[in-house]
Amino acid sequence: MAQVMIIGGDVPADLVARLEAEHDIGYGTHADLRSATPHEGIAAAEAMVLIGQPTIDEAVLQRAPRLKVIALRAVGYDKVDLDACARRGVVVCNTPDVLSRAVADLTVGLLLGALRQLRRGVDHASDGWSQGAPKPPLGSDLRGKTVGIVGFGSIGREVARTCAAGFGMRIAYTSRSGPSTSADFPGPGWLPFEDLLALSDVISLHVPLTPETWHLMDEHAFSQMKAGAYLVNTSRGGLVDEPALIAALRAGHLAGAALDVLANEPPDSDNPLLRMDNVLVTPHIGSATVETRRAMAHLAVDNVLRVLTGAPPATPVTTSPTLTSLERGPQ
Ligand code: GLV
Ligand code: GLV
């Protein structure tokens, strides 16, 4: 019997029951990971299932000296100090692939919402739909537009498939592994990052946040985007320099943005992006469907059970890409 802590939320009851059949289960909050007085469950924990995005660093690991496995119920692991975990022999697992379709669905929804001026339309209706008030400006067709996909992993590919097959969009993409032989979409296909920026009507971000991809979209990148283009981000807020994005939107250089992630979550209430009528913001809900969150929890629980019995985890965190290789492209 090992102590397993579920931190920052819950997992479905039948999955908890699977853990409980073999282990002691406890619950804690993100704050408990750093509380001044040691949290008993965390001090004893051999495994943690993490819901949400708490920071895991040396200070947290010190409070959990018995820890063997961290199972993120998430694909992104930018808040986890992997080196510190490796030094302590803590295995870190995430939940790739099972959420790709849900995140791609939301991405395409946001893209559609941005190009069709959804926020202005909803605001107009909820403001009374008055004859006197000007109708929102016209939106833009998706068909024939080029979506530039930054990062061509499983989420980026799902976005490409849906945009091409569902909406007749043209696909450009950039990725560290260079042109993909299996990617057969209409449009320019693989491009270096700078060319992708210059050519795309919409840029959609699907790379993980790493030191190299932090502020990938900065003032220079926005200046290279086509006038009247849009930005969609369902990956991580840290990929975008928000003041530079706000400036590009205010200058009218970008027509709009749709963001499921922000630099600070929850954002400061005075973040201008929350108030701009050509910006759609959703509260980090890319994977938030019943089916997908269940599949993610299932995988996290599997990872815990496997590591605690000495088996290799199903989905250990592996490597992360670098922007350098993203820009360099094929070798
Ligand atoms: C959100 O990112 C979550 O994993 O709950
Ligand atoms: C959510 O943001 C995730 O990384 O799964």
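As the structure lists them, so they are numbered: ligands from 1, and atoms in each ligand from 1.
Within the listing of ligand 2, atoms 1 (C), 2 (O), 3 (C), 4 (O) sit less than 4.0 angstrom from a heavy atom of Gln53. Heavy-atom contacts of Leu99 reach the following atoms of ligand 2: 5 (O) (cutoff under 4.0 Å). Ligand 2 places these atoms under 4.0 Å from at least one heavy atom of Arg236: 1 (C), 2 (O), 3 (C), 4 (O).
At a heavy-atom cutoff of 4.0 Å, ligand 2 is contacted by the side chain of His284 but not by its backbone. By the criterion of a heavy-atom distance under 4.0 Å, neither the backbone nor the side chain of Val261 is placed next to ligand 2.
Scanning Val75, Ile155, Ile285, Leu72 for the heavy atom closest to atom 3 (C) of ligand 2 points to Val75.
Within a 6.0 Å sphere centred on CD of Glu20, heavy atoms belonging to other residues, nucleotides or ligands number more than 12.
Leu205 pairs with exactly one of Thr213, Leu231, Ile155 by the side chain to side chain contact (heavy atoms under 4.5 Å, CB included) rule, that one being Leu231. Each of Arg66, His23, Gln3 was scored for a side chain to side chain donor-acceptor pair (under 3.5 Å) with Glu46, with one residue passing: Arg66.
Under a 4.0 Å N-O distance rule, the pair Arg101/Asp105 qualifies as a salt bridge. Salt bridge status for Arg170 with Asp201: absent, with no side-chain N to carboxylate O gap under 4.0 Å.
The distance criterion of under 3.5 Å between nitrogen or oxygen atoms is met by Gly76 with respect to ligand 2.
Atom CZ of residue Arg294 and atom OG1 of residue Thr289 lie 12.0 Å apart, to the nearest 0.5 angstrom.
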